[in-house]
Amino acid sequence: MTATRVLVLNSGSSSVKYQLLDMRDRSRLAVGLVERIGEAGSRLKHTPLTGGGTEAREREEPMADHDAALRAVAEELSADGLGLDSPELAAIGHRVVHGGLKFTEPTVVTDEVLKEIQRLVPVAPLHNPANITGIRTAQALRPDLPQVAVFDTAFHTTMPESAARYAMDVATADQHRVRRYGFHGTSHAYVSRATAELLGKAPEDVNVIVLHLGNGASASAVRGGRCVDTSMGLTPLEGLVMGTRSGDMDPAVIFHLVRVGEMGIDEIDDLLNKKSGLVGLCGDNDMREIRRRIDEGDERAALAFDIYIHRLKKYIGAYYAVLGRVDAVVFTAGVGENAAPVREAAVAGLEELGLAVDGELNSVRSDEARLISPEYARVAVAVVPTDEELEIANQTYALVSDPA
Ligand code: AMP
């Protein structure tokens with residue numbers, strides 16, 4: 001029997017999201033989420049998608065660590081006849097947030113690889129430790145199976161130095177590995193390729209601006225399938241206005257808050273990562289709620305929306321200039337896929353650049369990749385649902401089924 005299943009694990013500090021896929025038809029066999037690992041009220045939500053049953057099962061029980069969480073996941077999968085001991089399982093694919101400069105491709109995990117991911121912890125202190133834990137736990141469960149790391153940063157390693165370097169002292173930057181790495185790379189890779197497909201062209205033949213607008217948000221400029229710039233930097237804090245992150249600001253704001261505001265570094269880190277962006281501006285980070293408040297005449301929500309759109313527009317303009325010729329601007333992730341008013345406002349007034357949105361097409365709700373620009377527009381505007389898990393599974397399976 002050939003092994004055709006891939007388990008995708010996305011391990012956070014207190015959570016694990018997972019999907020089991022059959023790569024013959026890329027169908028999902030089961031999906032689930034474990035939350036509050038190591039905290040009170042740990043719970044697992046598991047949804048089998050085969051055998052007629054698609055009802056989610058939930059269990060709430062103490063799960064002290066990722067090991068306990070993954071064992072619970074394995075039990076649920078076994079109950080559906082999809083156990084991790086199955087010979088049909090080909091590999092486990094792991095999302096790893098930071099791969100630095102070294103990891104430009106999906107990589108089979110070895111001790112050396114784990115050491116390198118560990119070495120990158122100082123530049124990804126919130127994410128890489130959890131990813132390492134997830135890999136170690138999965139290795140313990142199936143030591144014989146290839147574990148594949150798929151890096152959020154990998155797609156952006158093609159950025160030229162002119163885009164990747166900050167204008168600061170080179171020796172200091174290099175000593176501390178300070179540069180722009182970019183994130184959400186799996187999504188930018190998947191969506192830029194799917195956009196080329198939607199246009200009926202090869203990825204090498206199109207230039208695309210990808211706007212990944214979820215709770216975290218980033219833009220990228222992709223020339224002929226290769227990333228040439230992206231809005232997130234050393235960490236996911238740089239760039240667009242996000243749900244709770246500030247995005248771009250004068251770095252001297254931090255000196256000011258230390259010196260004049262007498263705030264501590266951790267406090268400012270928390271402020272800019274968790275209490276800024278839309279939530280800092282208006283108290284809400286959910287675009288649905290913000291739109292509802294705007295419809296009721298709420299001025300704070302309206303200003304938050306305007307600031308969000310202003311920044312987005314600046315990035316569209318910047319990446320237009322970086323690319324020179326743009327074939328498509330594409331919206332993806334929670335806000336990008338669902339919030340028609342965001343898409344309309346982001347492109348409004350850019351007709352001179354060949355950009356326009358057709359009101360009717362834009363208001364259609366769908367899970368399919370689709371064009372929302374009028375036929376006459378020079379540049380296509382598209383909505384392409386992202387699928388990071390499928391991309392991780394594809395890359396994992398491609399590596400283990402054709403290791404050359
Ligand atoms: P993500 O991080 O990609 O899961 O995106 C989550 C965000 O998408 C939420 O915080 C909302 O702001 C936004 N979102 C999800 N569904 C909708 C919707 N129907 N309309 C507007 N925004 C939405």
Side-chain angles (χ1 to χ4, degrees), residues 8 10-13 15-19 28 31-33 35 45 47 95 97 126-127 152 155 182-192 194 210-220 230-232 235-237 239-247 273-296 298 300-309 311-312 330-347 357 359 361-370 372 382-392:
V8 175
N10 182 351
S11 305
S13 54
S15 69
V16 177
K17 281 191 230 159
Y18 62 93
Q19 291 196 358
R28 284 169 173 78
V31 302
L33 169 68
E35 290 176 296
K45 186 175 174 185
T47 311
R95 174 186 183 209
V97 167
L126 299 180
H127 294 104
D152 262 27
F155 184 62
F183 298 88
H184 290 146
T186 313
S187 175
H188 287 281
Y190 176 85
V191 169
S192 56
V210 180
L211 305 169
H212 175 112
L213 310 177
N215 198 30
S218 61
S220 69
T230 194
S231 60
M232 284 177 167
T235 76
L237 185 54
L240 299 173
V241 175
M242 309 181 210
T244 66
R245 296 188 197 120
S246 63
N273 273 297
K274 300 197 180 135
K275 298 178 185 153
S276 296
L278 292 170
V279 92
L281 288 166
C282 74
D284 271 309
N285 61 335
D286 193 312
M287 194 52 83
R288 285 164 286 203
E289 187 57 19
I290 291 169
R291 290 304 309 174
R292 196 190 58 72
R293 283 173 56 186
I294 294 172
D295 289 343
E296 286 177 355
D298 185 318
R300 265 180 78 203
L303 179 60
F305 185 83
D306 289 349
I307 294 170
Y308 183 95
I309 296 297
R311 184 84 51 84
L312 193 52
V330 54
F331 291 87
T332 193
V335 175
E337 290 166 31
N338 297 298
V342 167
R343 299 190 296 254
E344 183 186 335
V347 169
V357 157
L361 293 175
N362 190 34
S363 63
V364 172
R365 301 193 63 88
S366 157
D367 295 337
E368 303 285 317
R370 59 201 184 273
I372 56 168
V383 180
V384 174
T386 191
D387 196 335
E388 289 167 282
E389 288 76 20
L390 176 61
E391 179 69 15
I392 292 172

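Remember, predicted model here, so these are calculated numbers, not experimental data. Whatever order the structure lists ligands and atoms in, that order sets their numbers, starting from 1.
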Check your understanding: So is Asn215 polar-close to ligand 1, meaning N/O to N/O under 3.5 Å?
Key -> yes
Point to revise | Subset of ligand 1 atoms that lie under 4.0 Å from at least one heavy atom of Val335 | key: 8 (O), 12 (O), 13 (C)
Point to revise | Glu368 atom CD, neighbour heavy-atom count above 12 within 6.0 Å | key: no
Review point. Is the shortest heavy-atom distance from the side chain of Leu278 to the side chain of Phe305 under 4.5 Å?
Key: no
Review point. Who's the nearest protein heavy-atom neighbour of atom 18 (C) of ligand 1, and how far?
Key: Asn338 CB, 3.2 Å
Check your understanding: Is the closest side-chain heavy-atom distance between Arg245 and Lys275 below 4.5 Å?
Key -> no
Check your understanding: Which of the atoms of ligand 1 are close to Gly214, meaning less than 4.0 Å from one of its heavy atoms?
Key -> 1 (P), 2 (O), 3 (O), 5 (O)
Exercise for review: Just jot down the ligand 1 atoms closer than 4.0 angstrom to any heavy atom of Ala333, in number order.
Suggested key: 3 (O)
Review point. Counting each atom of ligand 1 from 1 as listed, which ones have a heavy atom of Ala339 under 4.0 Å away?
Key: 21 (C)
Review point. Do any nitrogen or oxygen atoms of Gly334 come within less than 3.5 Å of a nitrogen or oxygen of ligand 1?
Key: yes
Practice item. Give the residue and atom name of whichever protein heavy atom lies nearest to atom 11 (C) of ligand 1, and the separation in Å to one decimal. Key: Asp286 OD1, 3.5 Å
Point to revise | Heavy-atom side-chain proximity of Val8 to Arg95 below 4.5 angstrom | key: no
Exercise for review: Return yes if some donor-acceptor pair links the side-chain N/O of Thr332 with the main-chain N/O of Thr386 below 3.5 Å, else return no.
Suggested key: yes
Check your understanding: Is it the side chain, the backbone, both or neither of Arg365 that has a heavy atom closer than 4.0 Å to ligand 1?
Key -> side chain
Check your understanding: Less than 4.0 Å between atom 4 (O) of ligand 1 and some protein heavy atom, yes or no?
Key -> no
**Study point:** Close side-chain approach of Leu240 to Leu312, heavy-atom, < 4.5 Å
**Key:** yes
Point to revise | Between Ser218 and His184: side-chain donor-acceptor atoms closer than 3.5 Å | key: yes
Study note, to complete from the structure: Residue, atom and distance of the protein heavy atom nearest atom 20 (N) of ligand 1 read Arg288 CG, 3.2 Å
Review point. How close does the nearest protein non-hydrogen atom get to atom 12 (O) of ligand 1, and which residue and atom is it?
Key: Met287 N, 2.8 Å
Check your understanding: Numbering the atoms of ligand 1 from 1, which are under 4.0 Å from a heavy atom of Asn285?
Key -> 10 (O), 12 (O)
Practice item. Taking atom CD of Glu35 as the centre, report whether more than 12 heavy atoms of other residues, nucleotides or ligands fall under 6.0 Å from it. Key: yes
Check your understanding: Please walk me through it: do Asp298 and Arg300 pass salt bridge (charged side-chain N to carboxylate O under 4.0 Å, His left out)?
Key -> CA-CA 6 Å; Asp298 185 318; Arg300 265 180 78 203; over 6 Å; no
